[in-house]
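Okay, structure first, notes after.
Reminder, nothing fancy here: chain letters follow the sequence lines and each chain counts from 1.
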Amino acid sequence: MFLILREKKLSQKTNSSLQLLDIKLLYRALHLWFEQNRSDHFFRRNRNPYRVWVAEVALQQTRMSAALPKLQKFLEIFPNLSTLAGSTEDEVMRAWAGLGYYARARNLRKGAKFIMERYHATMPMTMPELLGIPSIGDYTAAAIASICYGLKVPVVDGNVIRIAARLLRKELPQNDKRLFNEAEKFMQQLVAGEKPGETNEAVMELGQKVCTVRNPLCEKCPFLKYCRTGQNGDHARFPLPKIKPEKVRVSWSILLLELNNQFGVHRYESFKFLKGHLGPPSLLQLANTAESKYSLLPSIFDSLLSQANRLAIKVSHTITNHAITVQVYHLTLKSLPTGLELDFFNLPELSERTPSSLLQKVYRSYENYRDGFRN
DNA sequence: AACGCGGGGGC
DNA sequence: GCCCCAGCGTT
C-alpha cells in the first residue's frame with residue numbers, strides 16, 4: 001500500500017509542475033550561484049529606473065557584448081530622463097547607431113517625453129502604468145518593476161523559456177504559447193521569494209552563461225539535480241524547434257519611373273508587403289502559388305514594364321518566411337501618363353521617407369549602379 | 001495574432 | 001548562407 005502511494009506520487013511529480021519544496025531548493029541554489037557568478041556590468045552599479053529601462057531596451061534581441069559599449073555611450077549622452085526627453089530624434093538615432101531595431105530608440109525618446117509630461121519626470125511604480133509607456137512591454141515592465149521596486153513579477157524571455165523547457169521537460173516548441181505559459185508559471189513561483197529582481201536577473205544570466213542554446217555547461221548548473229533533461233543528457237532536444245511556415249521564394253519587380261530626376265512612388269494600400277509604406281510601383285510573383293500581385297493597376301504596370309530597362313542590380317531580402325529577390329527596372333518618362341497617380345521625389349527624399357530596409361537597399365544599389373555608370 | 005525590425009555570432 | 005537572439009509597436 002505504501003509502495004503504491006509512493007509510486008503514484010513519484011509519477012505525478014515527473015508529469016506535473018514542480019512542488020513547493022523543489023521551488024525553495026531551486027531558489028536557494030539559484031541565488032547561491034548568482035552570488036558567485038553575477039557579472040559586474042557597469043549599468044548594474046548605479047541603478048535607477050531610467051538606467052534599468054534603457055539597458056533592458058538596449059538588450060532586447062541584442063547580445064550583451066554588442067550592446068554594452070553602445071549602451072555606455074548612450075547613457076553618457078543621455079544620463080537621465082530630461083536629457084533624453086529634451087533631445088532631437090536625430091541625436092537619439094546617432095547615439096543608437098549600430099544597435100539595430102531603430103524603433104527602439106525612437107520609442108525610448110517618446111517614452112521619456114511621455115514620462116516627463118504625464119508623470120512629472122518620475123517613473124511610475126506600478127505595472128499598468130509602466131505598460132502604458134512607449135517602448136515598455138511585458139518584459140521591460142517586469143524587469144523594471146522587479147529590479148527597481150521589488151515587485152514580485154516574473155520576466156519571461158528566451159532564456160527563461162529555454163530553462164523552463166529543459167528543467168520541466170516540456171515537449172513543446174520554442175514558440176508555443178503553452179510553453180510560454182509554463183515558463184511564466186515557473187517564474188511566478190520563483191519570484192515569490194525575497195528578492196524578485198535578483199531572481200529574474202539570475203535566471204536570465206543562468207541562461208546566458210550556463211543553460212546556453214548550444215553546448216550548455218550542465219555540470220556548472222545549480223539546477224542540475226532537479227533538471228529532467230540535464231540528468232539524461234538529452235537537454236539538447238529542448239525546447240523543441242520552432243514551428244514555422246516553409247520558406248517561400250518571392251520575385252519582386254520594382255519599377256523606377258524617372259521624371260525630371262525624380263522617382264514615382266505611391267502608398268501600398270493592399271499590397272502583400274510593406275502595407276502603408278510609400279514605394280515604387282511593384283509586382284510580386286510567389287514561387288509556390290504562381291500568383292501575381294500588383295501594387296497598382298496591372299494593365300498600366302505591365303505596359304510601363306514592357307518599355308522599361310531591366311537593370312543589372314542584385315538585391316536580396318528576407319521578410320519573415322519569404323526569401324525575396326528583387327529585379328529593378330528603370331524607365332524615363334517624358335510626362336506623367338494619364339491614370340497614373342504617383343508622387344515624385346528625388347532619391348535622398350525617397351530614402352528619407354522609407355523605413356523599409358528592402359527599399360533602402362534598392363535605392364542604395366540603384367545609386368551605386370548609376371554612379372558606376374558615370375565613372 | 002501576425003508581422004516587421006537589424007546587427008552580430010555560431011555553425 | 002542560415003539560424004538564433006535580454007521584445008515591442010502596429011495593424
Side-chain heavy-atom pair A/Leu71, A/Val54 within 4.5 angstrom cut-off: yes
Check: C/dA6 base within 3.5 Å donor-acceptor of A/Gln208 side chain: yes
No-H, no-angle donor-acceptor pair, A/Tyr139 side chain to C/dG7 base, under 3.5 Å: no
Rounded interatomic separation in angstrom, taking [atom1] from [X] and [atom2] from [N]:
| X | N | atom1 | atom2 | answer |
| --- | --- | --- | --- | --- |
| A/Arg249 | C/dC2 | CZ | C1' | 12 Å |
| A/Tyr268 | B/dG4 | OH | C1' | 16 Å |
| A/Asn107 | B/dC5 | CG | P | 15 Å |
| A/Arg106 | C/dG7 | CZ | C1' | 15 Å |
| A/Ile144 | C/dG7 | CD1 | P | 14 Å |
| A/Glu56 | C/dC8 | CD | P | 10 Å |
| A/Phe180 | C/dA6 | CZ | P | 14 Å |
| A/Ile324 | B/dG4 | CD1 | C1' | 11 Å |

Measuring from the side chain of [X] (C-beta onward, heavy atoms only), which nucleotide among [options] has the closest atom?
| X | options | value |
| --- | --- | --- |
| A/Tyr101 | C/dG9, C/dG7, C/dC5 | C/dG7 |
| A/Lys242 | C/dA6, C/dG7, C/dC5 | C/dC5 |
| A/Arg162 | C/dC5, B/dG4, C/dT10 | C/dC5 |

Trace of the side chain to side chain donor-acceptor pair (under 3.5 Å) decision for A/Asn48 with A/Arg51: CA-CA 5 Å; A/Asn48 58 50; A/Arg51 286 168 64 90; 5.2 Å; no
B/dG6 phosphate, OP1 or OP2, under 4.0 Å from A/Gln60 side-chain N/O: no
side-chain N/O A/Asn159 vs C/dA6 OP1/OP2, d < 4.0 Å: yes
Within the 6.0 Å centroid threshold, strictly below: A/Phe263 and A/Tyr366: yes
Which residue lies more 5' along DNA chain B, comparing A/Leu358 with A/Lys177 via nearest heavy atoms: A/Lys177
Nearest-Å distance once atom C1' is located in both C/dC2 and B/dG6: 16 Å
Whole-Å P distance, C/dA6 and B/dG10: 14 Å
Parallel, tilted or perpendicular: ring planes of A/Tyr50 versus A/Trp53, cut at 30 and 60 degrees: perpendicular
A/Phe74 and A/Trp96 aromatic ring geometry - parallel, tilted or perpendicular at 30°/60° bounds: perpendicular
Sugar-phosphate, base or nothing in reach of A/Lys272, heavy atoms under 4.0 Å: nothing
Touch class at under 4.0 angstrom, heavy-atom based, for A/Glu201 against every strand present: nothing
Derivation of the salt bridge (Lys or Arg N to Asp or Glu O under 4.0 Å) call for A/Arg45 and A/Asp40: CA-CA 8 Å; A/Arg45 293 189 194 155; A/Asp40 180 28; 2.8 Å; yes
A/Glu76/A/Lys73 ion pair, N-O < 4.0 Å: no
For B/dG6, the Watson-Crick or wobble partner whose two distances fall under 3.5 Å: none
A/Gln262 backbone acceptor or donor facing A/Asn260 side chain under 3.5 Å: no
Pick out the pairs of N or O atoms, protein on one side and nucleotides 7-11 of chain B on the other, that lie under 3.5 Å.
from: B/dC11; atom 1: OP1; to: A/Asn215; atom 2: ND2; distance (Å): 3.4

5'-most by nearest nucleotide on DNA chain C - A/Ala55 or A/Ile136: A/Ala55
